[in-house]
Amino acid sequence: MSIVLKVYNSLTRKKEVFKPLEDGKVKMYVCGPTVYNYIHIGNARPAIAFDTVRRYLEYLGYDVLYVSNFTDVDDRLINASKERGESVIEIAERFIRAYKEDVGALNVQAADIHPRATETMDEIIDFIKKLVDKGFAYESGGDVYFRTKHFKGYGKLSHQSIDELKVGARIDVGEQKEDPLDFTLWKQAKPGEIKWESPWGEGRPGWHIECSAMVEKYLGNTIDIHAGGQDLSFPHHENEIAQSESLHDETMANYWLHNGYIRINNEKMSKSIGNVVLVHDLIKQYDPNVIRFFIQSVHYRHPINFSDELLKGAEQSFDRLRTTYNNLQHRLEVSADLLEETLTTQYQEKLSELKTRFVQEMDDDFNTANAISVLFDAAKEANKVLQAENSSRLLLTHFIELFDELTGVLGFELKQEVLLDKEIEDLIAKREEARKQRDFALADSIRDELKLKGIILEDTPQGIRWKRAVSNDENE
RNA sequence: GGCGGCAUAGCCAAGUGGUAAGGCACGGGUCUGCAAAACCCUUAUCCCCCGGUUCGAAUCCGGGUGCCGCCUCCA
């Protein structure tokens with residue numbers, strides 16, 4: 001059977017065969033964070049989900065151009081600036097750095113281009129100007145608004161009619177819109193606020209326009225994939241479509257991908273509830289590999305619940321894969337009983353079958369949950385091989401390569417460095433000596449002692465093996 | 001009110017017409033000086049409820065219940 005990538009397109013609400021504009025190339029844009037604070041795991045989910053999309057596309061051989069923005073000027077930044085007495089630029093700079101660190105810890109690759117709103121100002125102003133010229137936007141009291149009713153496709157992404165949307169729309173005080181659904185393209189600066197010169201006076205861009213301008217600037221009028229959190233579909237993405245398609249008379253993006261929400265202990269994560277989990281803090285408590293594994297154990301479009309209990313479960317679960325991987329490595333390092341044979345047909349088929357299944361699952365709208373289950377099946381096979389007295393070095397190596405290859409697509413690592421200090425090495429040696437003397441009481445007490453230090457010893461026919469305990473057990 | 005999502009074993013989670021993946025936890029066995037790891041076996045006659053379509057439905061249709069999201073620049 002042929003293998004075809006299918007993606008769920010929010011625009012059509014269907015899984016569609018993925019066909020890029022240009023053979024072998026993919027242009028994708030992912031809405032990035034407003035950099036006024038540390039990111040929370042709700043920000044981390046799209047970063048991870050679409051990083052995996054990118055990794056998988058690259059795995060399939062596509063040349064991916066990945067653009068993700070930083071909103072470095074908006075109301076929240078201005079408010080933060082007032083509260084902290086720091087400039088908008090300083091705050092943005094600091095949290096862009098923090099974002100890169102946090103997301104980097106989660107093994108999210110940097111975008112090819114990370115444009116900032118403040119560095120795209122010329123293009124933004126130009127974009128608005130053209131919309132005004134075309135009659136899709138109007139200046140009013142120093143602000144510029146998009147004339148929603150002039151774009152006939154308005155509502156096509158969120159599948160709402162203009163009439164329905166109007167019910168919830170309202171005009172804020174001070175705004176002079178022709179229609180409640182019109183949205184801001186340019187906002188006049190209040191005294192003391194950060195501002196740029198424009199044909200409509202000093203001000204700053206509205207939120208939605210930066211993405212339209214950046215997509216146009218870096219990727220073109222039509223791109224392959226536009227992605228972001230589910231909540232962005234309305235109004236943000238809807239407005240982006242309105243802006244870009246009004247100006248270009250071309251489809252903005254062929255595929256719209258939206259990830260599901262994150263919940264904390266089954267509640268919405270929000271500041272008012274006070275349950276916002278910052279990535280910054282979380283990566284101190286859990287191995288980022290585990291966090292990434294956990295997030296991808298659920299399909300990206302489904303909601304995912306976060307709790308300590310669930311994270312610890314994921315840790316436990318992840319440990320099975322990691323143990324297998326490290327046991328493979330251990331066996332290769334210490335064993336003298338390995339055969340230098342070629343791979344049997346049976347195992348060649350087994351390995352390629354695992355890989356094929358992984359690809360099929362990923363082809364089905366990036367079904368990482370199922371892809372991970374293939375990893376567990378691979379672990380089972382590898383464990384059986386490990387149990388054999390005489391295994392092939394080549395086979396073990398192939399299993400390691402398989403794990404590296406597939407976990408590389410999902411963006412986590414199974415390899416675990418266990419650095420032993422002198423004291424621990426001595427204890428291990430002492431225990432080995434005790435075992436030789438058949439002084440099991442002493443040997444066991446040393447083993448217990450090491451366990452308290454987080455080192456678990458395992459005696460195997462090929463010699464002693466050790467690993468770090470899952471943090472789970474002892475932590476109070 | 002409009003639009004949408006979810007409900008599968010103790011827990012997590014796939015599966016969207018062909019007779020319930022995978023993981024954690026639990027129990028039994030093998031291995032081990034004892035463990036650990038691993039392997040083998042066992043664990044949902046059933047997928048929120050009620051009807052319907054079908055040779056056949058967790059999967060499609062209708063109705064109901066519960067939880068949740070968007071429609072308020074929040075990923």
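Both backbone and side-chain heavy atoms feed into the values below; hydrogens, waters and symmetry mates do not. Chain identifiers are assigned alphabetically (A, B, ...) following the order of the sequence lines, protein sequences preceding nucleic acid strands; residue numbering begins at 1 within each chain.
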Pair A:Phe306-A:Phe294, ring-ring contact (aromatic ring centres under 6.0 Å, His included): steps then yes or no: CA-CA 9 Å; A:Phe306 249 71; A:Phe294 173 65; 5.2 Å; yes
| said: Are B:rG22 and A:Phe376 stacked, with the base six-membered ring and the side-chain ring centres under 5.5 Å apart and planes under 30°? | reply: no
Just checking [X]: base, sugar-phosphate only, or nothing, at a heavy-atom cut-off of under 4.0 Å?
{"X": "A:Arg431", "answer": "base"}
{"X": "A:Ile262", "answer": "base"}
{"X": "A:Asn239", "answer": "nothing"}
{"X": "A:Leu375", "answer": "nothing"}
{"X": "A:His299", "answer": "sugar-phosphate"}

Paired with A:Lys187, the salt bridge (Lys or Arg N to Asp or Glu O under 4.0 Å) test is passed by just one of A:Asp143, A:Asp75, A:Asp74, namely A:Asp75
Check for a donor-acceptor pair, side chain of A:Glu238 on one end and backbone N or O of A:Ser158 on the other, with a separation under 3.5 Å. yes
Which of parallel (below 30°), tilted (30 to 60°) and perpendicular (above 60°) describes A:His302 and A:His299? tilted
Paired to B:rC24 by Watson-Crick or G-U wobble criteria (both distances under 3.5 Å) is B:rG10
pair_partner(B:rC48), Watson-Crick or wobble, both distances < 3.5 Å, evaluates to B:rG64
When you measure only distances, ignoring hydrogens and angles, does the side chain of A:Asp231 come within 3.5 Å of the base of B:rG69 through a donor and an acceptor? no
Practice task
Report yes if a donor N or O on one partner sits less than 3.5 Å from an acceptor N or O on the other, where the partners are the side chain of A:Asp459 and the base of B:rC34; otherwise report no.
Solution key: yes
Counting only side-chain N and O atoms of A:Arg263, is one of them less than 4.0 Å from OP1 or OP2 of B:rC67? no
